[in-house]
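Residue indices begin at 1 and follow the sequence shown. The figures that follow rest on heavy atoms only: side chains count, while hydrogens, waters and symmetry mates do not.
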Amino acid sequence: MTAPAAASAADEAQRRILNRLKRARGQLNAVIDAVESGEDCRTVVTQLSAVSSALDKAGFAIISSAMRDCLADEATAAAPAARGVAPTGGTARDRLTVDELEKLFLTLS
């Protein structure tokens with residue numbers, strides 16, 4: 001994948017994640033309104049479940065995006081290294097390790 005195509009894919013992933021989070025915010029507002037107006041338990045719990053699901057999906061999308069970035073970084077770093085060129089890009093501190101990604105994934109499951 002070319003650099004502009006990768007950036008475009010990353011931008012699209014971020015847009016989708018933001019849409020999920022904004023949808024969850026709207027659902028949370030509906031839960032708050034339902035509690036404030038004394039809605040029945042079934043309505044509140046159903047709406048709360050929708051918020052929880054939306055947040056989980058956003059979290060998994062964020063981790064998925066980080067995994068793709070990590071794989072792309074490895075592929076990009078491997079190509080110059082194979083030619084004897086030092087890799088460039090963000091610092092090692094900016095990148096998540098596989099163990100960190102796994103830990104984040106497990107916190108959502």
Side-chain angles (χ1 to χ4, degrees):
M1 184 179 290
T2 64
S8 177
D11 291 344
E12 178 63 20
Q14 183 176 11
R15 185 191 62 76
R16 285 193 316 269
I17 290 166
L18 285 172
N19 284 342
R20 284 186 187 275
L21 291 171
K22 289 176 181 179
R23 190 175 317 123
R25 179 173 49 193
Q27 291 169 324
L28 181 57
N29 287 337
V31 171
I32 293 167
D33 292 344
V35 170
E36 288 177 340
S37 65
E39 293 284 338
D40 65 287
C41 178
R42 183 178 295 125
T43 300
V44 172
V45 171
T46 299
Q47 290 177 340
L48 193 56
S49 176
V51 172
S52 180
S53 178
L55 290 174
D56 286 345
K57 287 178 182 178
F60 286 125
I62 290 167
I63 292 170
S64 174
S65 178
M67 291 171 76
R68 281 189 190 95
D69 291 346
C70 183
L71 290 173
D73 286 348
E74 286 180 15
T76 302
R83 295 188 313 265
V85 178
T88 61
T91 65
R93 192 180 71 146
D94 295 340
R95 296 186 192 112
L96 292 171
T97 66
V98 172
D99 288 340
E100 290 170 322
L101 286 169
E102 181 180 8
K103 185 176 179 179
L104 288 172
F105 177 80
L106 291 174
T107 62
L108 292 174
S109 60

So, using salt bridge (charged side-chain N to carboxylate O under 4.0 Å, His left out) as the criterion, who are the partners of R15 when residues are at least two apart?
E12
Identify the heavy atoms of R42 and T46 that sit nearest to each other, and give their distance.
O-OG1, 2.7 Å
Give a yes or no answer on whether the side chain of S53 reaches the backbone of A50 with a donor-acceptor pair at less than 3.5 Å.
no
Of all the heavy-atom pairs spanning Q47 and A34, show the shortest one and how long it is.
OE1-CB, 3.4 Å
Atom CZ in R20, atom CD in Q27: separation rounded to 0.5 Å?
11.0 Å
With rounding to the nearest 0.5 angstrom, report the CG to OG1 distance, D33 to T43.
13.0 Å
Under the 4.5 Å side-chain heavy-atom rule for ILVMFWY, direct or indirect, which residues accompany I17?
L21, L28, V31, I32, V35, V44, L48, V51, L55, I62
Side chain S64, main chain F60, donor-acceptor under 3.5 Å
no
Keeping to residues at least two apart or across chains, list the ring-ring contact (aromatic ring centres under 6.0 Å, His included) pairs with something in residues 37-57.
none
With a 6.0 Å cut-off (strictly less than), is the heavy-atom count around CD of E100, excluding the residue itself, greater than 12?
yes
Please round to the nearest 0.5 Å and tell me the distance separating atom CZ of R25 and atom CG of L18.
9.5 Å
